[in-house]
Protein chains: 2
Amino acid sequence: MRIIVLQYLMEQIKAVSLRSTEDAMEMSDKSTIYRTLKTFEKNKLVHTIDDGTKQLKYALCLESCKCEAIDLHYHFHCSSCQSTYCLTNHNIPKIDLPKNFQMHQANMVIKGLCAECHK
Amino acid sequence: MRIIVLQYLMEQIKAVSLRSTEDAMEMSDKSTIYRTLKTFEKNKLVHTIDDGTKQLKYALCLESCKCEAIDLHYHFHCSSCQSTYCLTNHNIPKIDLPKNFQMHQANMVIKGLCAECHK
DNA sequence: AATATTTCTGCAACTCAGTTGCAAAGTTTA
DNA sequence: TAAACTTTGCAACTGAGTTGCAGAAATATT
Ligand SMILES: [Mn+2]
Ligand SMILES: [Mn+2]
Ligand SMILES: [Zn+2]
Ligand SMILES: [Zn+2]
């Protein structure tokens, strides 16, 4: 199962939801795929993106990724087609926080229209 | 009801959930408060923050806010105490997007430990 | 003031993504 | 082979959010 799900993830250019992964492999149960994705997440093969739809999205990490602050990047969610993309070109800049606040992670989602939908 | 909810919002320094608002005013029904918050959102009195907990957070907009791209700011969510703060000091920088992508909104959440929890 | 119209509220029911317990199936190890 | 461990499918559950509806309350009209 893990191999199949991993293969599916590798084929995608967009982040996927549990639901869409489930639909892509009809033979298998939701909870199995759920647990597979969670295993991937725990082992830092994928990161998750909360894009404001109620469905959490999963995307493969880059080779170099350790899922630490330094690996963080923005994401783009198209309000029209609901696609969610990793914007891995640039990492997020250093943000100055209130005194004694400490950053570990981030969920950065830009919303708007993707190239397809913006015509 | 709207006045009571608005007052509650003004007292807070953290973003609030539907749930916590509900708890703060025992006399009133969940759906009423829900609709009140949604009305505020539609009329740009509050903005919402999806901080990765399953509960959407609401926070009062600044006076000047038109809920447009220019008004966007980062948010901070403490992984320990679950508090969510608006970081209104700085607006988010211009982010360069793939060709023909257009930004309208954003949900930017930094996660880590707040001053209280970081000892 | 009395009536009609509109808005607000509380309740209950529903949706839907995510999550979990459990037992059966499959795999690895001794 | 038998024991130990891991993975899977199923069904049931959770909890935030959402909605229809009818009665209450407020506002407008006569
Ligand atoms: Mn990503
Ligand atoms: Mn804010
Ligand atoms: Zn699109
Ligand atoms: Zn904290």
Side-chain angles (χ1 to χ4, degrees), chain A residues 1-9 12 14-60 67 75 77-79 81-84 105 107 109 111, chain B residues 1-9 12 14-60 67 75 77-79 81-84 105 107 109 111:
Chain A
M1 203 62 234
R2 291 181 188 164
I3 293 168
I4 298 172
V5 173
L6 183 59
Q7 231 147 32
Y8 175 69
L9 282 167
Q12 310 305 312
K14 304 170 182 175
V16 303
S17 63
L18 169 59
R19 183 66 197 286
S20 68
T21 311
E22 196 189 338
D23 291 349
M25 36 209 73
E26 305 234 338
M27 53 298 193
S28 207
D29 189 73
K30 185 185 171 182
S31 58
T32 304
I33 298 169
Y34 169 75
R35 287 186 274 231
T36 301
L37 289 170
K38 286 299 175 200
T39 303
F40 286 174
E41 186 185 10
K42 200 187 307 169
N43 292 284
K44 303 183 178 179
L45 263 79
V46 302
H47 60 281
T48 55
I49 307 125
D50 195 331
D51 61 13
T53 63
K54 293 180 201 166
Q55 302 180 2
L56 193 62
K57 300 289 164 63
Y58 301 83
L60 277 182
C67 285
H75 294 94
H77 177 251
C78 176
S79 316
C81 67
Q82 309 295 315
S83 301
T84 298
Q105 286 298 320
N107 183 60
V109 181
K111 298 171 192 219
Chain B
M1 202 63 236
R2 290 181 189 164
I3 291 169
I4 297 171
V5 173
L6 182 59
Q7 230 147 33
Y8 175 69
L9 283 168
Q12 310 305 311
K14 305 169 181 176
V16 303
S17 63
L18 170 59
R19 184 64 199 286
S20 67
T21 311
E22 196 189 339
D23 290 351
M25 38 208 76
E26 305 232 339
M27 53 295 195
S28 208
D29 190 73
K30 186 184 171 182
S31 58
T32 304
I33 298 170
Y34 169 75
R35 287 186 274 228
T36 300
L37 289 169
K38 286 299 176 202
T39 303
F40 286 174
E41 187 185 10
K42 201 187 307 168
N43 291 284
K44 303 185 179 176
L45 261 77
V46 302
H47 59 280
T48 56
I49 307 126
D50 197 330
D51 61 13
T53 63
K54 292 181 201 162
Q55 301 180 3
L56 194 62
K57 299 290 163 64
Y58 300 83
L60 277 182
C67 286
H75 293 95
H77 177 251
C78 176
S79 315
C81 68
Q82 309 295 314
S83 301
T84 299
Q105 286 298 320
N107 183 60
V109 181
K111 298 171 191 218

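Every chain is numbered from 1, with letters handed out A, B, ... down the list of sequences.
Here the shortest heavy-atom pairing between Leu37(B) and Val46(B) reads O-CG2, 4.0 Å. The shortest non-hydrogen separation linking Ala15(B) to Ile49(B) is CB-CD1, 3.8 Å. For Ser28(A) against Met1(A), the heavy-atom pair with the smallest separation is OG-SD, 3.1 Å. Taking each heavy atom of Tyr58(B) and Leu9(B) in turn, the nearest pair found is O-CD2, 4.3 Å.
For the pair Ile33(B) CD1 and dT9(C) C1', the computed distance is 11 Å after rounding to whole Å. Summarising the geometry, the separation between CG on Leu37(B) and P on dA16(D) is reported as 15 Å, rounded to the nearest angstrom. Between the CD atom of Glu22(A) and the P atom of dC10(D) there is a distance of 12 Å, given to the nearest Å. What separates CD1 of Ile3(A) from P of dT6(D) is a distance of 18 Å, to the nearest Å. Rounded to whole angstrom, the span from the CD1 atom of Ile49(A) across to the C1' atom of dA17(C) amounts to 17 Å. Separating the OH atom of Tyr34(B) from the P atom of dC11(C) is a distance of 19 Å, rounded to the nearest angstrom. Rounding to whole angstrom units, NZ of residue Lys38(A) and P of dT8(D) are separated by 17 Å. Separating the CD1 atom of Ile4(A) from the C1' atom of dT8(D) is a distance of 12 Å, rounded to the nearest angstrom.
In this structure, Ser28(A) reaches the sugar-phosphate backbone alone: every heavy-atom distance under 4.0 Å involves primed, P, OP1 or OP2 atoms, never a base.
Checked by atom type, the side-chain pair Ser83(A)/Lys14(A) shows a donor-acceptor distance below 3.5 Å.
Nearest to the side chain of Lys54(B), among dG18(C), dT8(D), dT9(C), sits dG18(C). Looking at the side chain of Gln55(A), the nearest of the listed nucleotides dA17(C), dG17(D), dC11(C) is dA17(C). Proximity note for Asp29(B) (side chain, C-beta onward) versus dG17(D), dC11(C), dC8(C): the nearest is dC11(C). The side chain of Leu18(A) lies closest to dG18(C) when the candidates are dT18(D), dG18(C), dG9(D). Distance from the side chain of Thr32(A) is smallest for dT8(D) among the nucleotides dT8(D), dA16(D), dC10(D).
The base of dG10(C) is not paired with the side chain of Lys30(B) by any donor and acceptor separated by under 3.5 Å. For Arg35(A) and dG18(C), a side-chain-to-base donor-acceptor distance below 3.5 Å is absent, hydrogens and geometry of angles not being considered.
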